[in-house]
Amino acid sequence: MIEDRVVLGHGAGGRKMHRLIRQLFLRYFANPALEPLADGAIIDTDAGRLCVTTDSYVVQPLFFPGGDIGRLAVTGTVNDLAVMGAVPQVLTLGMIIREGLRVDVLERICQSIAATAQEAGVTIAAGDTKVIEGGSGEELYINTTGIGFVDRKIRLGPEFVRSGDAILLNGGIGEHEAAVGIARSGYGSKTRIQSDCVPLNRLVAKVLAVGGVRVMRDPTRGGLATTLNEFSETTGLGFVINESALCLRKEVKALSALLGLDPLYMANEGKVVIIAAAEAAPRIVRCMRRLPTGKAAGLIGEVVRSPQGVWLRTRLGSLRPLMMLEGEQLPRIC
């Protein structure tokens, strides 16, 4: 059962959020387009297969190493469209501004939004502005909706995943959450960690051209482990990742140990998890490694019929279960 009151953990991507969605939101909003609970919805129209996604960004602080709330909003929305197989076209931009926010801060964020949209090849086609009463600190919340089109030949989804498929990842894990943690802690001048906040639509398009992709997801809130748990719950299969195959920067490893965080559950904003046919995996990895956003890409695991659930094969050869967390490790990271 869901709790009597909403807490921060209900927005963290873990079990609390999944219960809230399934036991409350789906009770009222369930329909065929929404029920897959994917990163976006694909709607067949006479003009083609339309993909739509929406997201809101409440990250604190507004600026962090490697990004800001504006770059995060564009990147997150573009990536949600891309992993659905869509070519992103336009975004809407809603800004909820707390009274007292400095205009020069807002201008910096607008500049970042414009630059990131140009980088991703999308247009800000509509927007809305609201101002709420002043409070403690400078605050800004951003909502974005993204629209793209999916080629009719592309078919992706957990229902296509099979035992024996490969689990692929385009780089290191935990860098976004580490960067936000640094910005809050005041250690920013003492580390080189930056958020991996980057649009992935061009990388994803090239991967899809290779073929063999079953399903993709960007592992944001809840990280790699939570994303794989969502796949496991949907497919009823097991997902085993190899500790020795994971790319983890030493700075992220050190910071996660300092803050008591598990990198497998830390948020990413420039990573894509790809489940692909085993025979296509080497070609996909080679394709990703040719691109700046996939230089550290690799095969990190496999899909198995048994054991079900998500497992980490440690360097000692044992299997450690990776269950979905109840709440969050670090709030307001995106």
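Starting from 1, each residue takes its place in the sequence as its number. Computed from a predicted model, the values in this text were never measured in an experiment.
Thr314 places a side-chain N or O within donor-acceptor distance of the main-chain N or O of Leu316, the cut-off being under 3.5 Å. The backbone N or O of Cys197 sits nowhere less than 3.5 Å from a side-chain atom of Glu269 that would complete a donor-acceptor pair. In this structure, Ser232 contributes its side chain and Leu228 its backbone to no donor-acceptor pair below 3.5 Å. At distances below 3.5 Å, at least one donor-acceptor pair connects side-chain atoms of Thr235 with backbone N or O atoms of Leu237. Asn31 contributes a side-chain N or O that, together with a main-chain N or O of Phe29, makes up a donor-acceptor pair within less than 3.5 Å. Of the possible donor and acceptor atoms, one in the side chain of Asn170 sits under 3.5 Å from a partner among the backbone N and O of Thr293. A distance-only check finds a donor-acceptor pair linking the side chain of Gln308 to the backbone of Gly236 [under 3.5 Å]. Although no hydrogens or angles enter the test, the distance criterion places no donor-acceptor pair under 3.5 Å between the side chain of Asn79 and the main chain of Gly76. Side-chain atoms of Asp68 come within 3.5 Å of backbone atoms of Gly70 as a donor-acceptor pair (strictly under, hydrogens ignored). Side chain of Arg162 to main chain of Ala277: no donor-acceptor pair is present (N/O by atom type, distance under 3.5 Å, no hydrogens or angles).
Across all non-hydrogen atoms, the minimal contact from Ile182 to Pro65 is CG2-CG, 4.3 Å.
Using a 4.5 Å heavy-atom threshold, the side chains of Leu156 and Met216 count as touching. In this structure, Cys334 and Val59 have side chains that are not in contact, with every pair of non-hydrogen atoms separated by 4.5 Å or more. Taking the side chain as every heavy atom from C-beta outward, Arg71 and Glu119 approach each other to under 4.5 Å. Using a 4.5 Å heavy-atom cutoff, the side chains of Leu246 and Leu312 are in contact. Counting heavy atoms from C-beta outward, Arg221 and Thr226 have side chains that stay 4.5 Å or more apart. The shortest side-chain heavy-atom distance between Arg22 and Leu37 falls under the 4.5 Å cut-off. No side-chain heavy atom of Leu93 sits less than 4.5 Å from a side-chain heavy atom of Thr145. Using a 4.5 Å cut-off on side-chain heavy atoms (C-beta onward), Lys271 and Glu175 make contact.
In the hydrophobic clustering of ILVMFWY residues, with side-chain heavy atoms under 4.5 Å counting as a link, Leu224 and Val252 come out together. The hydrophobic cluster containing Leu91 does not contain Ile147, counting ILVMFWY residues as joined when their side-chain heavy atoms lie under 4.5 angstrom apart, directly or transitively. Both Ile275 and Leu322 are assigned to one and the same hydrophobic cluster, defined by single-linkage of ILVMFWY side chains at heavy-atom distances under 4.5 Å. The hydrophobic clustering, which links ILVMFWY residues whose side-chain heavy atoms are closer than 4.5 Å, places Ile274 and Leu81 apart. Under a hydrophobic clustering in which Ile, Leu, Val, Met, Phe, Trp and Tyr are joined whenever their side-chain heavy atoms come within less than 4.5 Å, directly or via other members, Met324 and Val161 fall into different clusters.
Between the side chains of Thr144 and Asp55, no donor N or O sits under 3.5 Å from an acceptor N or O. No donor-acceptor contact under 3.5 angstrom links the side chains of Asp39 and Thr53, judged on distance only.
Among the candidates Val78, Asp218, Asn201, the single residue satisfying the side chain to side chain contact (heavy atoms under 4.5 Å, CB included) test with Val83 is Asp218.
Within 6.0 Å of the CD atom in Gln23, the count of heavy atoms belonging to other residues, nucleotides or ligands exceeds 12. Under a cut-off of 6.0 angstrom, the local environment of CZ in Arg305 is sparse, with at most 12 non-hydrogen atoms contributed by other residues, nucleotides or ligands.
Under 4.0 Å is where a charged nitrogen must lie from a carboxylate oxygen, and between Lys253 and Asp262 no such pair does. Using a cutoff of 4.0 Å between basic side-chain nitrogens and carboxylate oxygens, Arg313 and Glu243 are not scored as salt-bridged. Comment: Arg249 engages Glu251 in a salt bridge, judged by a side-chain N to carboxylate O separation of less than 4.0 angstrom. Residues Arg214 and Glu159 are not paired through a salt bridge, judged by the lack of any N-O separation under 4.0 Å between the basic side chain and the carboxylate.
Under the 30°/60° scheme for interplanar angles, the aromatic rings of Phe64 and His176 are found to stand perpendicular.
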In sequence, state the C-alpha distance, the side-chain angles, and the governing distance for Arg184 and Leu330, and then conclude on side chain to side chain contact (heavy atoms under 4.5 Å, CB included).
CA-CA 11 Å; Arg184 292 183 190 171; Leu330 193 65; 3.6 Å; yes
Test side-chain hydrogen bond (donor to acceptor under 3.5 Å, both in side chains) on Glu233 and His18 and set out the steps.
CA-CA 12 Å; Glu233 288 182 2; His18 282 74; 5.5 Å; no
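Once rounded to the nearest 0.5 Å, the distance linking OG1 of Thr54 with CG of Asp80 reads 9.5 Å.
Stacking of Arg108 on the aromatic ring of Phe63 is recorded, both the 6.0 Å distance cut-off and the 45° axial limit being met.
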